[in-house]
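These numbers come from a predicted model, not from an experiment. We name chains A, B, ... by the order of the sequence lines, and we start the count at 1 in each one.
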There are 2 protein chains.
Amino acid sequence: MTEQQRRPTLMDVAHAAGVSRALVSIVMRGAPGAAESTRQKVLGAARELGYRPDSRARLLRSSRTRLLGLSFFSAHAFHAEIVDAAYAAATSRGYELALSAVASGRPETRAIESLLDFGSAALIMISPTLSHEELAGYAGQVPVVSLLRNDVGAAVDSVSSDDHAGIRMAVDHLTGLGHRRIVHVDGGTAVSADPRRAAFRAEMDRHGLAARIIPGGPTEEDGMSAARSLRADLPSAVIAFNDRCALGVIESLRAGGLKVPDDVSVLGYDDSQFARLSYLQLSSVSQDAPLLAAAAVDRAVDRIEGTQTPAHVVRTPHLVVRKTTAAPRPS
Amino acid sequence: MTEQQRRPTLMDVAHAAGVSRALVSIVMRGAPGAAESTRQKVLGAARELGYRPDSRARLLRSSRTRLLGLSFFSAHAFHAEIVDAAYAAATSRGYELALSAVASGRPETRAIESLLDFGSAALIMISPTLSHEELAGYAGQVPVVSLLRNDVGAAVDSVSSDDHAGIRMAVDHLTGLGHRRIVHVDGGTAVSADPRRAAFRAEMDRHGLAARIIPGGPTEEDGMSAARSLRADLPSAVIAFNDRCALGVIESLRAGGLKVPDDVSVLGYDDSQFARLSYLQLSSVSQDAPLLAAAAVDRAVDRIEGTQTPAHVVRTPHLVVRKTTAAPRPS
DNA sequence: TGGTGGGACTAGAACGATCTAGAAACCCGA
DNA sequence: TCGGGTTTCTAGATCGTTCTAGTCCCACCA
C-alpha cells in the first residue's frame with residue numbers, strides 16, 4: 001500500500017537545478033562560493049523535492065562533524081532536564097545532538113561506544129561512573145566533557161557545580177534561621193555524594209556545630225529509611241542529598257505526625273522540576289540545569305573547534321528558598 | 001597533550017590479518033563465507049587493534065540498517081521508563097536504537113527528521129501529536145509505529161493500551177468497593193485523554209451512575225487545581241488521568257484536611273515508577289511499559305523485515321491495587 | 001581425465017555526502 | 001584586446017563500509 005520511496009539526494013537536486021553536486025553541497029551548507037541567483041535556484045529545487053541532507057553521509061565524509069554525543073541515565077529525572085537544555089544550547093551553536101541512555105542492562109560503556117560509532121565529535125557524559133583510565137581512553141579519541149562530576153582526571157574536561165559552596169549556602173541559610181542541630185542525609189555511593197558529605201562536615205565544623213550524618217541515597221526510598229532512623233533524636237533541620245531524597249524525608253516525617261517546616265526544616269538539592277510544584281515548594285540548592293548544559297556544550301564545542309587543553313569549569317549554585325525551611329520552633 | 005588518534009578501519013584490520021577488506025566485513029557481521037580458521041584470525045586482529053565498525057559508513061552503505069529511531073518527550077517521566085525497556089527489546093532483536101527527544105523549543109517534527117537523517121529503518125514515536133497526514137508522510141519513507149496512541153490513520157502501526165478496558169477496571173474496582181459518587185479528572189488536551197473520558201462516561205452509564213467529569217491535565221498542578229473545584233461537592237472516589245495528576249489530587253485533598261483513602265479514594269493511571277513508592281502506594285492502572293515497548297519494537301522489526309501491512313496492537317492493561325483506594329466511609 | 005559444483009576469497013563499484021584542485025566566466029584597467 | 005585577479009562552478013577523489021560479480025582452488029564423480 002504505502003510505497004516506500006527513496007528520498008532525494010544531492011544528485012537529484014543538482015539535476016533539477018541544472019548544476020553540479022558540488023555546488024548544491026556548497027549551497028546546502030551555506031558555504032561561500034555560490035552566486036546569489038543560483039543559490040536561490042538551488043534552494044528552490046531542494047525545497048521542491050523535499051531534500052534533506054543525509055547525516056550518515058555527511059558525517060562520514062567530513063571530519064568536522066557538528067555532532068555532540070550526550071549520555072544520560074534514563075532513571076534520573078534531573079538528567080532529562082539537562083537533556084532538554086542541551087538541545088537548545090547545541091542548536092544555538094549549530095550542532096546536532098546524539099542521545100544515548102544508560103538504562104537497565106545497558107552499561108555506560110555501551111552507551112558511549114554507540115555515540116562514538118555514530119561519529120560524535122565530542123562526548124558529554126552526565127555524571128559518568130567510569131574510572132579515570134576509562135575516561136582517558138575515550139578522551140584519546142574525542143574531547144570528553146564530564147557534567148556534574150569533576151573528579152575525572154587530567155584528560156577530560158569537566159563542568160560541575162561547586163558542591164562545597166552549595167552545602168555552605170545550605171548550612172549558612174539554616175544556621176542563619178537559628179538552627180543548631182542539623183543533619184545531613186547523604187547520597188551513599190552516588191556521584192558527588194562524597195564532596196557534599198565532606199563539605200557538610202567542614203561547614204558544620206566552621207560553625208562550631210556537631211556534624212551528624214545519616215547514610216542515605218538518591219531516591220525517595222533512601223530518604224524515607226534515613227528519616228526513620230532520625231526519630232529517636234530529632235534534629236531541627238535536614239539537608240538531603242537531593243530533592244528526591246528530601247521528598248522521602250518529608251513524607252516519612254509527615255507520616256510520623258511531624259510538620260515541615262514547623263517541626264523540622266528540610267532542604268533539597270538540584271532544584272528539580274518537582275521541587276517547584278506548588279504542593280511541595282521545596283527549598284533547594286539549585287544547580288541550574290540550563291546553565292550547566294550550556295556550559296558543557298560550550299566547552300565541548302570549544303574543544304572541537306579550538307585546540308585548547310582540558311579545563312574544569314565550576315559553577316556556583318544558588319539557594320532557592322521556598323516553604324520547607326523556616327526558623328526552628330523555640331525549644 | 002592528548003593526541004587524537006584515528007580509529008582503526010576495516011582496511012587496518014585487513015592489513016593486519018593479511019586478508020581483503022571484504023573478508024573482514026564478512027567476518028565482522030557474521031555472514032557466511034569465511035573459513036573458521038581465518039575467521040578466528042580476523043577476529044583476533046580486530047580485537048588486537050580495538051576495531052569497532054563505523055555505523056555511519058555501515059548505515060550509509062547497507063539498505064537494511066538495523067537502526068530503530070525512537071522519539072520521546074523529555075518532560076514525561078513515563079516515557080523514560082519506555083525508553084529504558086525499548087533498549088532491551090531492541091538489542092534482543094539485534095537492533096540499535098537512536099534516540100531523539102521532543103524538548104522545549106524542539107518540536108516533534110524536528111526530533112523525527114533528525115532520526116530519519118541518521119538513517120533509521122523505522123520510527124517508533126511515543127504518544128505522537130502529529131496529524132494523520134503528517135504521520136502518513138513519514139510512513140511513506142519508513143515504517144512508523146505509534147506508541148500509546150492508536151488514532152493514527154491507516155498508514156502507520158500502533159501499539160497502545162486499551163484505554164476503555166483500563167477505565168472499566170478502574171470503575172469496576174471502585175463500584176465493587178461500594179463507591180457510587182465517582183469523579184474523573186480528565187487529561188485535557190493530552191494524548192488519550194479523549195478515549196479515557198469517553199470510556200468513563202460509558203462505564204458509569206453502564207453502572208447506572210452519574211458520570212461527573214472535571215477538566216484536568218497531565219501534571220500535578222492540573223490535579224491540584226481540579227481537586228480544588230471538588231471541595232464543594234466531594235465525591236467518594238476520583239479516577240485521575242494519570243499518576244502525576246493523581247498525586248496532585250491527593251496533595252490537594254490532604255491540604256484540605258482530608259484523608260486518602262479514608263475520606264476519598266484516588267486511582268492513578270500509568271503505574272509509573274513513583275506510584276510504587278512506599279509513601280505513596282498509589283493504586284493505578286498499569287500499562288506495563290516493558291511489554292508495550294517490546295511490542296512496539298517487535299512491530300517495527302516485523303515491518304522492516306517482512307512485508308506486512310500496518311496493524312494496530314492493543315494490549316489490555318491491568319489494575320494494581322495499592323493503598324489509595326478502599327471502601328467508602330459509610331455515610 | 002576432464003568437467004562441475006561449491007567453498008573461500010577478492011577486486012572494484014556503490015552509498016551520499018564533502019573536499020581539493022583546477023577550469024570557466026567575468027570584471028576591470030591598461 | 002589582452003592579462004590578471006576574483007568569483008563561480010565542476011570533475012573526481014575520498015570517507016569506511018557493504019554488495020556484486022567474479023576468480024581460484026580443490027574435491028568429487030562420470
Legend entry - Distance in angstrom units between A:Leu59 CG and C:dC19 P, rounded: 12 Å

Legend entry - B:Arg93 and B:Asp298 ion-paired at < 4.0 Å: yes

Inset, instruction - Would you indicate what B:Ala35 reaches in the nucleic acid, counting non-hydrogen atoms under 4.0 angstrom: base, sugar-phosphate, or nothing? - result: sugar-phosphate

Inset, instruction - Please state whether the phosphate of D:dC19, meaning OP1 or OP2, lies under 4.0 angstrom from any side-chain nitrogen or oxygen of B:Arg29. - result: yes

Inset, instruction - May I ask you to check whether over 12 heavy atoms, not counting those of A:His312, lie within 6.0 Å of atom NE2? - result: yes

Legend entry - Comparing B:Leu10 and A:Leu23 on DNA chain D - which has the more 5′ nearest nucleotide: A:Leu23

Inset, instruction - Ignoring backbone atoms, test whether B:Ser62 places a side-chain nitrogen or oxygen under 4.0 Å from the OP1 or OP2 oxygen of C:dC15. - result: no

Inset, instruction - Rounded to the nearest angstrom, tell me the gap between atom CZ in B:Arg52 and atom C1' in D:dG16. - result: 15 Å

Inset, instruction - Looking at every strand, decide which applies to A:Ala34 at a 4.0 Å heavy-atom threshold: base, sugar-phosphate, or nothing. - result: sugar-phosphate

Inset, instruction - Output yes when at least one side-chain N/O atom of A:Ser20 is less than 4.0 Å from OP1 or OP2 of D:dT10, else no. - result: yes

Legend entry - Nucleotide D:dG16, atom P - distance to CG of A:Asp117 in whole Å: 14 Å

Inset, instruction - Please work out if B:Ser55 contacts a base, only the sugar-phosphate, or nothing of the nucleic acid, heavy-atom cut-off 4.0 Å. - result: nothing

Inset, instruction - May I ask you to verify whether the side chain of B:Arg61 and the base of D:dT18 hold a donor-acceptor pair under 3.5 Å? - result: yes

Legend entry - Test side chain to side chain contact (heavy atoms under 4.5 Å, CB included) applied to B:Val24 and B:Thr9, B:Val13, B:Asp12, the passing residue: B:Val13

Inset, instruction - Name the closest nucleotide to the A:Thr38 side chain, picking from D:dT17, D:dG12, D:dC9. - result: D:dC9

Inset, instruction - Whole angstrom is fine here: how far is it from CE in B:Met11 over to P in D:dT18? - result: 15 Å

Inset, instruction - Report the relative orientation of the aromatic rings in A:Phe73 and A:His79; use parallel for angles under 30°, tilted for 30 to 60°, perpendicular for over 60°. - result: perpendicular

Inset, instruction - Describe the nucleic acid contact of B:Arg21 in one word from base, sugar-phosphate, nothing, applying a heavy-atom distance below 4.0 Å. - result: base

Inset, instruction - Rounded off to whole Å, could you give me the CG-to-P distance for the A:Leu116 and D:dG16 pair? - result: 14 Å

Legend entry - Side-chain donor or acceptor of A:Arg149 paired with backbone N/O of A:Pro128 under 3.5 Å: yes

Inset, instruction - Rounded to the nearest angstrom, tell me the gap between atom CZ in B:Phe118 and atom C1' in C:dG16. - result: 15 Å

Legend entry - Polar side chain donor-acceptor pair, A:Asp162 to A:Thr316, under 3.5 angstrom: no

Legend entry - Side-chain N or O of A:Ser25 closer than 4.0 Å to phosphate OP1/OP2 of C:dT18: yes

Inset, instruction - Rounded to the nearest angstrom, tell me the gap between atom NE2 in A:His15 and atom P in D:dC9. - result: 18 Å

Legend entry - C:dT18 OP1/OP2 closer than 4.0 Å to side-chain N/O of A:Arg58: yes

Legend entry - Between C:dT18 (C1') and A:Met28 (CE): distance, integer Å: 14 Å

Legend entry - DNA chain C: 5'-proximal contact among B:Glu36 and B:Leu60 (nearest heavy atom): B:Glu36

